[in-house]
Structure formats: C-alpha cells, structure tokens
Amino acid sequence: MRFRPRSISITSGKGGTGKTTLTANLGIALGALGKDTTILDGDLGMANLAIVLGMHKCELSFLDALTGEAEVKDVIYRNYGIKVVPMGFRFEDAHEVLTKVKRERVEEVIRELLKQTEFLLIDGAAGIQDATI
Ligand SMILES: Nc1ncnc2c1ncn2[C@@H]1O[C@H](COP(=O)(O)OP(=O)(O)OP(=O)(O)O)[C@@H](O)[C@H]1O
Ligand SMILES: [Mg+2]
C-alpha cells in the first residue's frame, strides 16, 4: 500500500542553525531506509542544498519551475538514493525573479512534488519574512 506523502519543513528563525545539513542528512537517511524521499531547497534567497551535496552544476531548478520556465519533472535530480530539487540563484536579475514568484505557484509545484514521493523535506530560509513563510 502506498502511504500518504508527508511534507516536513526544516525551519528556524536564525540563520546558520543547521537546517540545510539536517535536510540533506535526514533525506539521505530516509532514502537508505528504503523510503521514497525528495528533498527540496526552499531557500529562495541564498540556496545551497545542492552545493552541500556537490550538485551545483544542475541546470534547472525549483526557481525555474516557480517562474514557469521549467516543468516540475525537469527539476528533480536523482542522487544518493533520493530525489533532490535544487534552488537556483540569478545574480543578474535576482530581485526581479523573486517578484515573479507567486504563492499559488509555490503551492502548485509542491503539490506536484508530493504526488511522486513518500517524504518531502523542505530546507527553509532563515527568518520569518513573507517569502520564507
Ligand atoms: N550538528 C552540527 N554540529 C556542528 N556543526 C554543524 C551541525 N549542523 C550544521 N553544522 C555546521 O553549521 C554551519 C551551518 O549549517 P547549515 O548551513 O546547515 O545551517 P542553515 O541553518 O542551513 O544556514 P542558513 O540559515 O544560512 O541556511 C555549517 O558549517 C555546518 O557544517
Ligand atoms: Mg541553509
């Protein structure tokens, strides 16, 4: 029987408290237990989940799915026995891109990700600003 997917956000108000490290390690541990696991970089401002996993060369990211420039299936990468959805960062138009991201689209993409996994772990950004929530 397929379990209902679970979504777990790893958050904290302060930066540098271990959110990204915990997301990566908990995700890989769940994968090692045979759980269908996806980890998502939800840090719109300063993404680094893919970097800590040595996957910084991913061409497409969650950001591209959020702006509608990529399909959800194209931003899911497989590594370490789990699925990883990296977040992109664009130096040239970072602010402009963030203003294009709509809450409804975030929810839509997350719902799509939940359809193909048992566990979805979300590495959040520090703080309690609107974009983080
Ligand atoms: N349990 C731990 N023990 C010791 N050091 C740790 C632990 N977890 C994380 N660190 C170290 O703390 C630093 C910050 O970790 P990490 O990047 O995971 O935090 P973060 O909460 O994701 O930060 P940010 O808010 O910037 O996204 C890193 O250098 C990491 O290696
Ligand atoms: Mg982090």
Side-chain angles (χ1 to χ4, degrees):
M1 188 186 90
R2 180 152 166 80
F3 290 94
R4 220 173 122 239
R6 290 185 200 189
S7 166
I8 302 170
S9 289
I10 317 293
T11 66
S12 84
K14 287 286 187 187
T17 48
K19 299 178 290 298
T20 300
T21 308
L22 180 64
T23 306
N25 285 304
L26 184 58
I28 292 168
L30 284 168
L33 289 173
K35 305 289 181 192
D36 186 328
T37 304
T38 303
I39 60 174
L40 166 68
D41 193 338
D43 191 340
L44 266 173
M46 209 43 74
N48 70 339
L49 181 62
I51 295 170
V52 305
L53 294 171
M55 296 170 61
H56 45 284
K57 290 193 176 143
C58 299
E59 211 170 292
L60 294 169
S61 80
F62 185 39
L63 187 59
D64 300 300
L66 293 180
T67 58
E69 288 161 79
E71 288 185 46
V72 175
K73 67 174 175 47
D74 296 328
V75 301
I76 304 171
Y77 294 83
R78 284 169 176 74
N79 208 348
Y80 304 102
I82 59 171
K83 288 168 268 188
V84 180
V85 181
M87 176 69 91
F89 184 76
R90 302 190 199 165
F91 285 99
E92 62 286 357
D93 61 353
H95 181 72
E96 198 185 319
V97 166
L98 292 188
T99 59
K100 275 198 219 162
V101 174
K102 300 282 173 272
R103 188 192 176 102
E104 300 72 47
R105 180 64 182 157
V106 176
E107 290 174 2
E108 192 178 88
V109 174
I110 287 178
R111 263 199 298 273
E112 199 60 36
L113 288 171
L114 281 169
K115 279 187 198 160
Q116 53 80 54
T117 200
E118 185 176 344
F119 285 93
L120 177 67
L121 307 184
I122 305 175
D123 175 24
I128 52 167
Q129 319 81 307
D130 279 353
T132 309
I133 289 165

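Here the CD atom belonging to E112 is positioned 14.0 Å from the CD atom belonging to E107, to the nearest 0.5 angstrom. Here the straight-line distance linking atom CG of D74 with atom CG of D64 works out to 10.0 Å at 0.5 Å rounding. To the nearest 0.5 Å, the span separating OH on Y80 from CG on L53 amounts to 5.5 Å. Interatomic distance, E69 CD to L60 CG, rounded to the nearest 0.5 Å: 9.5 Å. Here the OG1 atom belonging to T117 is positioned 10.5 Å from the CG atom belonging to L40, to the nearest 0.5 angstrom. For the atom pair OG (S9) and CG (L121), the distance works out to 9.0 Å, reported to the nearest 0.5 Å.
Looking at heavy atoms from C-beta onward, R6 lies out of side-chain contact with L120 at the 4.5 angstrom threshold. Residues I82 and I28 are in side-chain contact: their nearest non-hydrogen atoms beyond the backbone lie under 4.5 Å apart. The side-chain heavy atoms of V84 and M55, taken from C-beta on, include a pair separated by under 4.5 Å. Looking at heavy atoms from C-beta onward, I122 lies in side-chain contact with I110 at the 4.5 angstrom threshold. Under the 4.5 Å side-chain criterion, counting only non-hydrogen atoms from C-beta, V85 is in contact with T38.
In summary, of the residues considered (V52, I39, I8), a side-chain contact (heavy atoms from CB on, under 4.5 Å) with T23 occurs for I39 alone. Just one of N48, T20, T21 meets the side-chain hydrogen bond (donor to acceptor under 3.5 Å, both in side chains) condition when paired with D123; it is T20.
With sequence neighbours left out, D43 forms a side chain to side chain donor-acceptor pair (under 3.5 Å) with no residue at all. Every residue two or more places apart in sequence or in another chain was checked for a side chain to side chain donor-acceptor pair (under 3.5 Å) with S7, and none qualifies.
Classification of R111 and E108 as a salt-bridged pair fails, no side-chain N sitting under 4.0 Å from a carboxylate O.
Smallest separation of non-hydrogen atoms from C58 and P86: CB-CG, 3.9 Å. Scanning all heavy atoms of the two residues, the minimum distance from F62 to D41 falls at CD2-O, 3.5 Å. Residues G124 and K19 come closest through the heavy atom pair O-CE, 3.4 Å. Closest approach of A126 and T132 over heavy atoms only: O-OG1, 3.7 Å. Residues I51 and A47 come closest through the heavy atom pair CD1-O, 4.1 Å. The minimum heavy-atom distance between A65 and V75, with the atom names listed, is CB-CG2, 4.1 Å.
In this model, a donor atom of one side chain and an acceptor atom of the other lie less than 3.5 Å apart for K83 and Q116.
Counted within 6.0 Å of CD1 on I128, heavy atoms from surrounding residues, nucleotides or ligands total 12 or fewer; the atom is thus considered open. The number of heavy atoms from other shown groups lying within 6.0 Å of CE (M46) does not exceed 12.
Side-chain atoms of S61 come within 3.5 Å of backbone N or O of G88 as a donor-acceptor pair. In this structure, K73 contributes its side chain and A70 its backbone to no donor-acceptor pair below 3.5 Å.
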